[in-house]
Amino acid sequence: MEDIFFDGQIHNAKLKELMGRLRSEKTDSLMTEILRLACASEFVVPVNDNGGKISFTAIGDPNGKRYLAVFSDTDEFKANGSKDSKLVKAKFDDILSTVMAEELRLDGMVIDPGSSEVIFGHEMLKMIYDQMSGPMDVKVGEPDHYPENLKTAMISFMKEEPVVKAIYVKLFVRLSDEMTGWMFVIDADRKGDEMSYLCDTFNRYITPYTDGLTSITASYKEAYANDAVVGSAPFVKRDGDKIS
């Protein structure tokens, strides 16, 4: 299975420029522009790999709040991140799902800790999360066909990841712009950081088999994901040593 740890380069020059201006120009319009760019950006997220157990980096403040640390730029991480951490590349919506995971008890996210340190609090992110994943904006249904080799790839993944009990597959349409994509829902014996990491690993692994459509992967324990597959049979499931 491919290694999802990221050793490339990410640079978001415009985002960094706007975040730098925020120290002297604290306006709602600038914050809105930063948020708009962040939603369309990819980030690097430091994680700790302790013998296969993956955990994210949380930054605490004097009030006891905890924020998920992410970096807009790999150079920023080299300058201010921990040398003991590894990196994964993540889109904003992947980060959003992690922050919203109740079991992690995060109060938001901080971009570029140690330099710009722009914080998005939980309340603001919850509003964005509800807009992106809310049932009013997304219609989920059954596809009339599946991409070639999709099932074979999923079986191979489950052979490598024995914690996965089943994977559900749905087709979704985002009503705001009619974007179509695949929704994968994983039922696995993992929770918290490890479940988020597993979903991210699978989403990257399955990308070559989705016929060019975007994909999202969520935990079966997430309410919106569970609602999407309730009453449906898994596309691939484990029965003892057999996967089919």
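Positions are given from 1, in the same order as the sequence printed here.
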Are Leu35 and Met124 side-chain neighbours, meaning at least one heavy-atom pair lies under 4.5 Å?
yes

Can any side-chain N or O of Asn63 pair as donor or acceptor with the backbone N or O of Lys65 at less than 3.5 Å?
no

Parallel, tilted or perpendicular: which fits the ring planes of Phe5 and Tyr197, with parallel below 30° and perpendicular above 60°?
tilted

For residues 95-107, which side-chain N or O atoms pair as donor and acceptor with protein atoms under 3.5 Å away, sequence neighbours left out?
| unit_1 | atom_1 | unit_2 | atom_2 | d |
| --- | --- | --- | --- | --- |
| Ser97 | OG | Asp93 | O | 3.1 |
| Thr98 | OG1 | Asp94 | O | 3.2 |
| Glu103 | OE2 | Gly192 | N | 3.2 |
| Asp107 | OD2 | Arg66 | N | 2.9 |

Do the non-hydrogen side-chain atoms of Asp187 and Pro234 ever get within less than 4.5 Å of each other?
no

Any idea which heavy atoms bring Val140 and Lys170 closest together, and the distance?
CG1-CB, 3.4 Å

Nearest heavy-atom approach of Cys199 to Ala218 is SG-C, 3.7 Å

Can you tell me how far apart NZ (Lys165) and NZ (Lys237) are? Round to the nearest 0.5 Å.
13.5 Å

Applied to residues 64-84, the ring pair (Phe, Tyr, Trp, His ring centres under 6.0 Å) test, sequence neighbours excluded, yields Phe71-Phe77

Between Glu117 and Val110 the two heavy atoms that sit nearest each other are CA-CG2, 3.9 Å

All heavy atoms of Val70 vs all of Pro46, minimum pair found to be CA-CD, 4.4 Å

What verdict does the side-chain contact (heavy atoms from CB on, under 4.5 Å) test give for Asn203 and Trp182, after you've listed the backbone C-alpha separation in whole Å, the side-chain angles of each residue and the deciding distance to 0.1 Å?
CA-CA 10 Å; Asn203 208 58; Trp182 295 101; over 6 Å; no

When every non-hydrogen atom of Leu150 is compared with those of Tyr209, the smallest separation belongs to CD1-O, 3.7 Å

Within the supplied structure, the quantity of interest is the number of heavy atoms (other residues, nucleotides, ligands) at a distance under 6.0 Å from Lys91 NZ; does it exceed 12?
no

CD (Glu142) and OG (Ser232) are apart, to the nearest 0.5 Å, by 5.0 Å

Applying side chain to side chain contact (heavy atoms under 4.5 Å, CB included) to Ser41 and not counting sequence neighbours gives Asn12, Leu15, Phe43

Taking salt bridge (Lys or Arg N to Asp or Glu O under 4.0 Å) as the test, write out the residues that go with Asp49, two or more places apart.
Lys86

I need the Leu125 CG to Met109 CE distance, nearest 0.5 Å.
6.5 Å

Note, Tyr168 side chain near Met183 side chain (heavy atom, < 4.5 Å):
no

Partners meeting side chain to side chain donor-acceptor pair (under 3.5 Å) with Thr214 (sequence neighbours left out)
none

Indicate yes or no for a side-chain donor-acceptor contact from Asn226 to the backbone of Tyr220 under 3.5 Å, with no hydrogens or angles considered.
yes

Look up atom CG in Asp112 and atom OG in Ser72, then write down how far apart they are to the nearest 0.5 Å.
3.5 Å

Measure from the side-chain N and O atoms of Glu161 to the backbone N and O of Met158, and report whether any donor-acceptor pair falls under 3.5 Å.
no

Can you list everything that forms a ring pair (Phe, Tyr, Trp, His ring centres under 6.0 Å) with Phe56? Sequence neighbours excluded, please.
none

Same apolar cluster (I L V M F W Y, side chains within < 4.5 Å links), Tyr205/Leu213
yes

For Arg238, all residues meeting side chain to side chain donor-acceptor pair (under 3.5 Å), sequence neighbours excluded
none

Please list all pairs meeting ring pair (Phe, Tyr, Trp, His ring centres under 6.0 Å) that have one or both residues in residues 225-244, counting only residues at least two apart or in different chains.
Tyr146-Phe235

Quick check: are there more than 12 heavy atoms from other residues, nucleotides or ligands sitting under 6.0 Å from CG of Asp239?
no

All ring pair (Phe, Tyr, Trp, His ring centres under 6.0 Å) counterparts of Phe172, not counting sequence neighbours
none

Heavy-atom count check: over 12 atoms from other residues, nucleotides or ligands less than 6.0 Å from Gln9 CD?
yes

Just so I know, are the side chains of Thr217 and Leu198 near enough to count as touching, which here means a heavy-atom distance under 4.5 Å?
no

Report the residues that fulfil side chain to side chain contact (heavy atoms under 4.5 Å, CB included) with Leu18, sequence neighbours left out, ordered by chain and then residue number.
Lys14, Arg21, Leu30, Glu33, Ile34, Leu37

Hey, quick one: are Ile243 and Ile206 part of the same hydrophobic cluster, counting side-chain heavy atoms closer than 4.5 Å, chains of contacts allowed?
yes

To the nearest 0.5 Å, tell me how far Ile167 CD1 sits from Ile186 CD1.
5.0 Å

Check for a donor-acceptor pair, side chain of Ser116 on one end and backbone N or O of Val118 on the other, with a separation under 3.5 Å.
no

Working to the nearest 0.5 angstrom, can you tell me the gap between Lys139 NZ and Thr180 OG1?
11.0 Å

I'd like to check the side chain to side chain contact (heavy atoms under 4.5 Å, CB included) partners of Lys242; sequence neighbours left out, ordered by chain and number.
Ser244

Side-chain heavy-atom pair Asp200, Ser196 within 4.5 angstrom cut-off
no

Which heavy atom in Gly181 sits nearest to a heavy atom in Leu171, and how many Å separate them?
O-CD1, 3.4 Å

By ring pair (Phe, Tyr, Trp, His ring centres under 6.0 Å), which residues pair with Phe120, not counting sequence neighbours?
none

